[in-house]
Asks: 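Quick one: structure below, then a few questions.
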Amino acid sequence: MESSIAEKRSLASNSIGVAHIVFFVVAAAAPMAAVVGATPPAFAFGNIGVPGAFLLVGILYLIFSAGFTAMARSVSSAGGFYTYISRGLGRPLGVAGAFLAIATYFTIQIGIYASLGVFAHAALAPLGVVVPWWVWSLLVLLVVSWCGQRHIVFSGRLLGFCMIAELLILGLFAIGVVFHGGGPEGLTMAGLKPSDIFSPGIGVTLVFVVSAFIGFEATVIFGEEASNPDKAIPRATVSAVTIITLFYALVSWAVIQYYGASSVASKASASMETFYFSAIAGTLGDWSIVAMNMLLLTSFFACLLSFHNTLNRYFFALGRDGLLWAGFARVHQTHASPHVAGRVQAILVAAILIGFTLINADPYAVVFSWMVAFAGIGILAIQVLVSVSIIAYFAKVPGEHSALRVFVAPAVAGLALLAAFVQVSRNLPLLTGSESVIVTLFPVFVLVIAAAGVVTALRIRRTNPALYDRLDNTFAAATAEA
């Protein structure tokens, strides 16, 4: 029967190719939601160099990807960052990275579910369908959970459809702006010039721009299910980062051209919610408002499905390794998906959403803003650890890669990502719109979660040395084979 639970402990290998993995990653970046949500405050509180900032951050992540993809041959595991960091820096820090990854992907899911509920309520209330935001959030959670237990190819195809639809309408907007010759100031290089990028406010601009890239690193999560992962993972990573970078830069440049460089910041400040809706409707016509509302919801859905699948595989890998409940390692008899992990994850998400509802937390100003902000610094902390682990790994296991790729590039990326972590941490009140002491303590929470991972690994080494040694021997064998 389809719902039966098998004791299999392996995912569906050779199931997905480069295109499917790119769909997962770009969907996680949520192009529509990221553009509509991240760039208006970047223009309002930072400077007009948003397109150039996207290019800079994209180049940074391509540098990061050089060493990141060099390890792909040794890390085709559902454990993702957990496996990366373990092989480079040892099991305790690897578990720290795993705990951080779970917290990061879990919190961003909570925030996006809340945001989707708010936008669904706003879009459907005028049609006479008036229910609380959390009802929409829980209904979508059920659909995401159902999709997540299907075969991985199903999710890949569905995400591909959603992603193409999002990119299409925003691409049409950019083409329309160029076709009409821009706005009141014509077509210019505003937003791409160094004087625009590095003007006062660049630090704040980078805070919002970096947050728009969350999710690109998930390519390695699907290594066990990829066809020819040695080649698929590097190609998918570079392709995803390039697509996200160029697309975000193009659309944010187009909106500057529409409003004019002298007016874009004031327009964003006046109404962040309608900033893009007005520009796209003015370029493509009123029909596009309905399309934008629908595609914004599908963007959130695609993002949630991508993160749901990613987090399922973290639970699966940790359950298989004995670091969490072994039941997480069970896979579906028919679909070869980590469906037990998905069900547990869905129950936890539902409980937290209901908890926020019971305390009357604002779904957008608190749940969404706070959760996404925490996820932003969480993922930066993990990426710093990964950069260091790449250097440490290749220092122990020399390969055919150049020093520029496996030592210089990770070092440059790690320092830049550390600077971004500090910058985002300093601007958390601006990013969240809250001066709450809880928000200011987010960096401390990140360190506490990482410390909990280290303590957990050390406790297992002390109380169950046989399990600890077995895991290390498994890693050593995989490294030797690579």
Side-chain angles (χ1 to χ4, degrees), residues 18 21-39 41-43 46-70 72 163 166-167 170-171 174 189-194 196-199 201-220 233-256 299 303 306 375-376 379-380 382-384 386-387 390 404-405 408-421 423-424:
V18 174
I21 300 172
V22 170
F23 292 160
F24 274 105
V25 174
V26 177
M32 178 71 75
V35 166
V36 172
T39 62
F43 282 120
N47 59 31
I48 67 168
V50 175
F54 274 121
L55 293 177
L56 285 178
V57 174
I59 291 171
L60 166 61
Y61 280 127
L62 284 175
I63 295 173
F64 172 83
S65 297
F68 186 64
T69 57
M163 183 196 78
E166 294 176 54
L167 298 183
L170 290 174
M189 292 299 291
L192 296 171
K193 295 182 293 185
D196 293 333
I197 302 169
F198 296 104
S199 63
I202 177 60
V204 176
T205 298
L206 287 173
V207 168
F208 292 98
V209 168
V210 168
S211 69
F213 279 82
I214 294 177
F216 91 90
E217 70 292 328
T219 51
V220 297
I233 300 305
R235 289 174 181 173
T237 303
V238 173
S239 297
V241 173
T242 302
I243 290 171
I244 293 170
T245 300
L246 295 179
F247 184 78
Y248 286 170
L250 173 64
V251 175
S252 56
W253 171 82
V255 83
I256 294 176
S299 178
C303 180
S306 182
I379 204 65
L380 285 170
I382 299 169
Q383 289 168 352
V384 171
V386 170
S387 297
I390 293 168
L404 181 64
R405 181 175 182 181
V408 177
V412 171
L415 290 172
L417 290 165
L418 180 61
F421 176 87
Q423 187 67 32
V424 173

Asks: Is the shortest side-chain heavy-atom distance between Phe247 and Pro31 below 4.5 Å?
Replies: yes
Asks: Under 4.5 Å between any side-chain heavy atoms of Phe213 and Leu60, yes or no?
Replies: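 Side chain of Phe213 against side chain of Leu60, heavy atoms only: no contact under 4.5 Å found.
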Asks: Under the side chain to side chain contact (heavy atoms under 4.5 Å, CB included) test against Asp196, which residue among Ile48, Asn47, Ile202, Val50 passes?
Replies: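 By the side chain to side chain contact (heavy atoms under 4.5 Å, CB included) criterion, Asp196 pairs with just one of Ile48, Asn47, Ile202, Val50: Ile48.
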Asks: To the nearest 0.5 angstrom, please state how far the SG atom of Cys303 sits from the CE atom of Met32.
Replies: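 Reported value, rounded in 0.5 Å steps: 13.5 Å.
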Asks: Report yes if some heavy atom in the side chain of Phe43 is under 4.5 Å from a heavy atom in the side chain of Val255; otherwise report no.
Replies: yes
Asks: Grab the two heavy atoms, one from Thr205 and one from Ala42, that are nearest each other, plus how far apart they are.
Replies: OG1-O, 3.8 Å
Asks: Compare all side-chain heavy atoms of Val57 with those of Thr245 and state whether any distance is below 4.5 angstrom.
Replies: no
Asks: Quick check: closest heavy atoms across Ala249 and Leu55, and the distance to 0.1 Å?
Replies: CB-CD2, 3.8 Å
Asks: How would you list, by chain and number, every residue that makes a side chain to side chain donor-acceptor pair (under 3.5 Å) with Thr242, sequence neighbours excluded?
Replies: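 Result, side chain to side chain donor-acceptor pair (under 3.5 Å) vs Thr242: none returned.
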Asks: Find the distance between OG (Ser65) and CD1 (Ile59) and round it off to the nearest 0.5 Å.
Replies: 12.5 Å
Asks: Please identify which of these residues, Ile244, Ile197, Thr39, meets the side chain to side chain contact (heavy atoms under 4.5 Å, CB included) condition with Phe54.
Replies: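 It is Thr39, the one option of Ile244, Ile197, Thr39 that forms the side chain to side chain contact (heavy atoms under 4.5 Å, CB included) with Phe54.
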Asks: Does the side chain of Arg405 pick up a donor-acceptor pair with the side chain of Thr69 at under 3.5 Å?
Replies: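 Their side chains do contain a donor-acceptor pair, which is all the 3.5 Å distance test asks for.
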Asks: Side-chain contact test, heavy atoms from C-beta onward, threshold under 4.5 Å: evaluate it for Ser387 versus Leu417 and give yes or no.
Replies: yes
Asks: Report yes if some heavy atom in the side chain of Gln383 is under 4.5 Å from a heavy atom in the side chain of Tyr61; otherwise report no.
Replies: yes
Asks: Could you grab the distance from atom CG of Leu246 to atom CH2 of Trp253, nearest 0.5 Å is fine?
Replies: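 So the gap between those two atoms works out to 13.5 Å.
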Asks: If you measure from CG on Leu167 to CD1 on Ile243, what distance do you get to the nearest 0.5 Å?
Replies: 7.5 Å
